[in-house]
Structure formats: structure tokens, C-alpha cells
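Everything numeric in this text was worked out from a predicted model, so none of it was measured. Lettering follows sequence order; numbering is per chain, from 1.
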There are 2 protein chains.
Amino acid sequence: MPEPSYSSERPEASTDAPRADGRVGRRIPEATVSRLPLYYRSLLAVAADRTTTVSSERIAELAHVSAAQVRKDLSRLGSYGTRGVGYEVPQLLRLIRSELGLNETWRVIVVGAGNLGRALSQYEGFRSNDFEISALVDSDPLKIGTNVGKLTIESIDDLDSIVAERDIRISILATPAHAAQQVADRLVEAGVLSIMNLAPAILDVPAGVLVRKADLATELQILSFYQHHGQVDLDTSDTVNGGGVPADQ
Amino acid sequence: MPEPSYSSERPEASTDAPRADGRVGRRIPEATVSRLPLYYRSLLAVAADRTTTVSSERIAELAHVSAAQVRKDLSRLGSYGTRGVGYEVPQLLRLIRSELGLNETWRVIVVGAGNLGRALSQYEGFRSNDFEISALVDSDPLKIGTNVGKLTIESIDDLDSIVAERDIRISILATPAHAAQQVADRLVEAGVLSIMNLAPAILDVPAGVLVRKADLATELQILSFYQHHGQVDLDTSDTVNGGGVPADQ
DNA sequence: GACTGTGAATACATTCACAGCG
DNA sequence: CGCTGTGAATGTATTCACAGTC
């Protein structure tokens with residue numbers, strides 16, 4: 001994305017300066033970061049089998065990337081594999097969890113209580129992954145006060161206090177496109193540092209704020225592109241997702 | 001994708017063979033494809049102002065990419081810009097629409113009538129973008145027969161006939177992770193060629209089938225990574241999305 | 001003069017292939 | 001011997017910078 005996909009920004013994760021633990025902080029490339037969740041998920045699957053040791057080959061198979069890619073990515077985390085053996089599953093899981101910042105539970109605010117916003121605030125996939133939806137806000141007075149699961153829809157006018165008091169740093173923007181920029185501005189003002197943008201709109205935010213686009217209409221258009229140009233396949237290979245297209249999966 | 005994202009497959013759009021119009025079919029790189037929807041959206045904004053001509057500079061500004069990038073991307077479509085002037089807005093819109101395959105209306109099936117699936121089947125962002133949700137299926141007998149907006153939830157057992165009769169080629173997979181692979185298999189069997197996968201699962205599909213991951217839990221984990229490692233910003237630049245991260249936006 | 005189109009330069013990402021080590 | 005870690009090689013994407021042209 002692929003991006004993405006996607007395309008525009010220069011990340012810059014980790015610094016290069018020496019750190020507390022004495023090791024030099026490696027800069028982890030964006031492409032690697034975007035694969036960590038895949039490895040994490042693959043390792044959870046392996047761990048469920050009570051397997052204690054795993055090879056790059058096996059992880060690669062589960063995550064649908066090449067074994068060399070896995071080794072290179074993991075080595076960037078300072079890797080603790082054992083030559084001739086593989087990686088210790090529990091150790092590697094801890095390492096990735098900690099890199100991804102999954103040792104703390106992140107509180108998340110959902111903005112926009114339309115169908116999508118309401119669905120996301122109850123989405124099981126989050127709860128199981130160390131994220132907690134702590135607020136659902138909207139601007140519609142008719143919705144405010146209503147319950148959605150365990151949440152009560154609050155007013156977007158209270159954004160500042162909600163974000164500050166609940167120490168929220170991540171937001172999910174699920175408003176219609178026309179309201180997206182305005183809402184993004186308010187989120188930034190309230191101190192939110194990351195926005196996952198589901199609205200079909202391109203957001204302007206100041207440096208230091210992170211936007212990740214998760215725009216389903218765009219994704220469909222990309223699928224449409226490949227459908228339209230018979231997306232062949234060639235690549236007789238092991239089908240690692242279909243001679244496919246996506247920068248991701 | 002960012003994201004977009006991401007990683008495993010080799011695309012292969014357009015062929016290299018000479019085509020009906022005499023020009024040699026250019027292979028459009030995946031990165032370019034993923035930006036076409038952005039340009040499309042930017043052009044729609046420009047067109048709304050009744051502007052008839054637009055520069056790469058202006059498109060770049062709206063789409064949050066560099067002007068050189070815009071020119072290179074557009075030139076791959078065989079571009080019809082005029083030096084010293086810019087691009088004709090209506091002409092360029094037509095060109096991109098047609099490249100993206102948006103001249104036909106694609107019929108889409110949503111699998112999984114949980115909160116997310118139901119929300120997506122009513123999502124306004126699709127209707128306005130040349131996609132039509134023509135079916136919503138689930139395996140739960142209690143849901144089947146129920147209405148969601150104008151749709152009636154149908155049984156996944158009728159997948160084959162639904163897909164065939166309505167000529168559906170694109171699907172949105174919105175089931176829980178544990179059912180995702182099984183559902184993907186059935187979709188492929190029924191003849192669906194593109195899957196937008198919202199489930200937090202890595203799918204195995206045969207070559208020729210396209211999967212695009214739109215997995216919100218993964219996206220949140222990526223945001224979490226950058227939050228965890230103070231995502232700095234450097235890049236004093238024009239804020240093209242916040243010293244951000246995403247491969248996309 | 002203004003703006004596109006594009007080679008050449010650079011940066012980034014993936015793959016190869018093998019040395020190093022348990 | 002098996003499997004990691006990693007330089008070197010390749011491939012892909014982005015940016016630069018300018019010649020071409022309306």
C-alpha cells in the first residue's frame with residue numbers, strides 16, 4: 001500500500017541515537033513496520049500449537065512473505081534467533097509486542113456515530129488486540145446520549161475534555177467525507193496524535209500527527225482497476241495470494 | 001501502505017502487447033495504481049469549481065504527493081497534458097475513470113452480516129463511487145431473511161447462484177477471523193475474483209484471485225508502533241500528512 | 001513564460017547467496 | 001547439519017533537473 005500504498009510520507013521511527021539499553025536504536029523501515037503485525041499474528045497461531053521454536057521459513061509461510069524477508073525484518077529488531085535452530089516463540093512474541101507498543105492498552109476515540117462508526121466501536125477485532133474504544137462522539141444532537149453497546153454517544157463539543165481526561169492518543173475518523181477535514185482539525189487541536197481515516201477524503205494535518213488511510217472506496221477502486229485490466233497472474237509461484245496486486249495483505 | 005501495505009505479491013496490470021489503439025500497453029506500476037483514486041478524487045474537487053484546466057502542481061497539492069510524481073504517474077496513462085498549460089480536467093477525469101474501470105458499475109457481495117458487514121452494505125461512500133452492493137450473505141439462520149436497508153440477508157449456501165446470476169466479481173469479506181479462510185475458499189469456488197478482506201486473517205487464495213487487506217486491527221497496531229516510538233516528524237516540509245507514516249493516504 | 005514529459009540520479013525494498021555458528 | 005544474520009546484487013519507486021513545446 002501497500003499503501004498503500006499508498007505513498008506520500010517519510011516515517012522515521014526510532015532514533016539513531018544510543019539508547020538506555022546501550023544498543024544503538026535502529027531505524028525501522030516503514031515496510032518492515034507494516035509487516036510486524038503479520039508476524040505477530042503468525043506467531044500467535046504458532047504459539048497456539050504450543051510450538052516453542054519456529055524457523056523463518058515457517059513464519060514466512062504463515063505470513064505470506066519470503067523467508068529472507070522475515071529474517072531481515074526480524075534482524076532489524078535486534079533479533080534473537082539461534083542459528084541452526086530458529087526463534088524462540090515466546091521470546092519473539094514478547095519482542096514484537098513490545099516493538100508494536102502492545103504492552104500498554106491504547107485508548108481510542110471513534111468520531112462519527114453513523115453505521116460505520118457504531119460498528120467499529122463494537123468491533124471485536126480491536127478488543128482482542130489491545131485497543132479499547134473509550135469514546136464515541138458525534139455532532140448530531142439526536143444521537144448524543146444514545147447507547148451503543150457499553151458506550152454512550154457523546155458530543156463532539158466535549159472533545160477536548162474527553163481526550164485529555166481519558167488520555168486518548170489514537171482516533172478513528174468515521175464521518176462523511178465533507179466533515180472529515182474539519183473533524184481532523186478538532187482532533188489535532190484536542191491533542192490526538194494518530195488518526196485512522198476511514199472517510200474518503202485526503203486530510204491535511206500538521207507535522208507530527210500521523211494519518212493512516214483506511215478508505216474502503218479507494219480500495220474498491222483499486223480492485224476495480226485490476227478487474228478491469230484482466231489481472232492475469234503469470235507468476236506460477238506458490239500462490240502467495242494470487243499473482244495478486246495489493247501492496248499489502 | 002501504506003499499505004497499503006503489505007507486501008507479498010507481484011501485480012501485472014495491462015499487458016505489454018500492442019493494443020487496438022496502436023499504442024503499446026504500458027504496464028502500470030502498483031504504486032501508481034494505488035494513487036489513481038487519489039488523483040480521481042482530487043480532480044473531482046477541481047471539477048466542482050468548474051475549473052477546466054489544472055497543473056500537476058495543483059493536483060499534487062490536493063492529493064498530497066509531489067508534482068513530479070503526478071506527472072510521472074499520469075504520463076504512464078499515456079497522458080494528454082499540454083506543455084505550458086496543464087491538463088484538461090474533463091478529459092483527465094475520463095481517462096482516469098476509464099483506467100480504474102469505473103465506467104461500468106461493479107456489483108459487490110458482502111459476506112458476514114455482523115455489525116461491520118451490515119454497516120458496509122449501507123455505506124454511502126460506495127454508492128457514490130460506482131459500486132453497488134448486490135448481496136449480503138451470512139451463515140446464521142437467525143439472520144437470514146432479515147432486512148438491512150434495501151437488502152435481505154441471504155444464505156451463504158446460495159453463494160454460487162447469487163454470484164453467477166448477479167454477475168458479481170468483487171467481494172467484501174467481513175466475517176470473524178476464524179471463518180475467513182473458509183469463506184474465502186467458497187468465494188473463489190463461486191467465481192469471485194477480488195476479495196477485500198476486512199477480517200484480521202491472512203488469506204490463502206489461488207493465483208488469479210486478488211486479495212486486498214483492509215484490516216483495521218493491523219492498522220491500529222501500526223499507529224501504535226509509531227505512537228510508541230515517538231514518531232518525530234523531521235521533514236519540515238509542507239506537512240504532506242504529518243511526517244506521517246502510512247505508505248498511503 | 002509556463003508547464004509537461006522524461007531520462008538520469010538517488011533512495012528504498014526485496015532477493016540472493018553464503019559465511020558464521022549453535 | 002540447519003538455520004540465522006547479513007553484505008552484495010537486483011529490482012522498484014521517487015526525485016531531480018531540464019529539454020521540449022504550446
_side-chain contact (heavy atoms from CB on, under 4.5 Å), that's the test. Do B:Ile172 and B:Leu198 meet it? Break it down for me._
CA-CA 7 Å; B:Ile172 297 178; B:Leu198 285 134; 3.2 Å; yes
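- Considering only side-chain N and O atoms, B:Ser56 lies under 4.0 angstrom from the phosphate OP1 or OP2 of C:dT4.
- Dashed line: the shortest gap from a side-chain N or O of B:Ser55 to OP1 or OP2 of C:dC3 is not under 4.0 Å.
- An OP1 or OP2 oxygen of C:dG22 is reached within less than 4.0 angstrom by no side-chain nitrogen or oxygen of A:Tyr80.
- Looking at A:Leu223 and A:Leu220, their side chains come closer than 4.5 Å, going by heavy atoms from C-beta outward.
- You'll find the side chain of B:Val108 stays beyond 4.5 Å of the side chain of B:Phe126, heavy atoms only.
- For the pair A:Ile202/B:Leu62, no side-chain contact is recorded, criterion being any heavy-atom separation below 4.5 Å from C-beta on.
- A:Glu88 places its CD atom 12 Å from the P atom of D:dT4, with the value rounded to the nearest Å.
- Nucleotide D:dT4 holds its P atom 16 Å from the CZ atom of A:Arg76, rounded to whole Å.
- The shortest distance between side-chain heavy atoms of A:Leu38 and A:His64 does not fall below 4.5 Å.
- Spacing between atom CG of A:Leu95 and atom C1' of D:dT4 amounts to 15 Å, rounded to whole angstrom units.
- Rounded to whole Å, the distance from CD1 on B:Ile28 to P on D:dT12 is 16 Å.
- Of the candidate nucleotides D:dT14, C:dT15, D:dA13, C:dT15 has the atom nearest to the side chain of A:Ser66.
- Along DNA chain D, the nucleotide nearest A:Val54 and the nucleotide nearest B:Asp73 are compared for position; the residue whose nucleotide lies closer to the 5' end is A:Val54.
- Across the protein-nucleic acid pair, B:Glu57 atom CD and C:dG1 atom P stand 19 Å apart, rounded to whole Å.
- Computed from coordinates, the B:Leu74 CG to C:dT4 P distance equals 9 Å when rounded to whole Å.
- D:dT4 atom C1' lies 14 Å from atom CD of A:Gln91, rounded to whole Å.
- Phosphate proximity of C:dA2 to B:Arg58: absent, as no side-chain N or O sits under 4.0 Å from OP1 or OP2.
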Contact string for nucleotides 16-22 of chain D, one letter per nucleotide 5' to 3', B = base within protein heavy-atom range under 4.0 Å, S = sugar-phosphate only, - = neither, reads -B-BBBB
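- Using modelled atom types, no side-chain atom of B:Glu219 and backbone atom of B:Ala214 make a donor-acceptor pair closer than 3.5 Å.
- A salt bridge links A:Arg58 and A:Glu61; the closest N-O separation between the charged side-chain nitrogens and carboxylate oxygens is under 4.0 Å.
- The nearest whole Å value for the distance from the CD atom in B:Gln69 to the C1' atom in C:dG5 is 14 Å.
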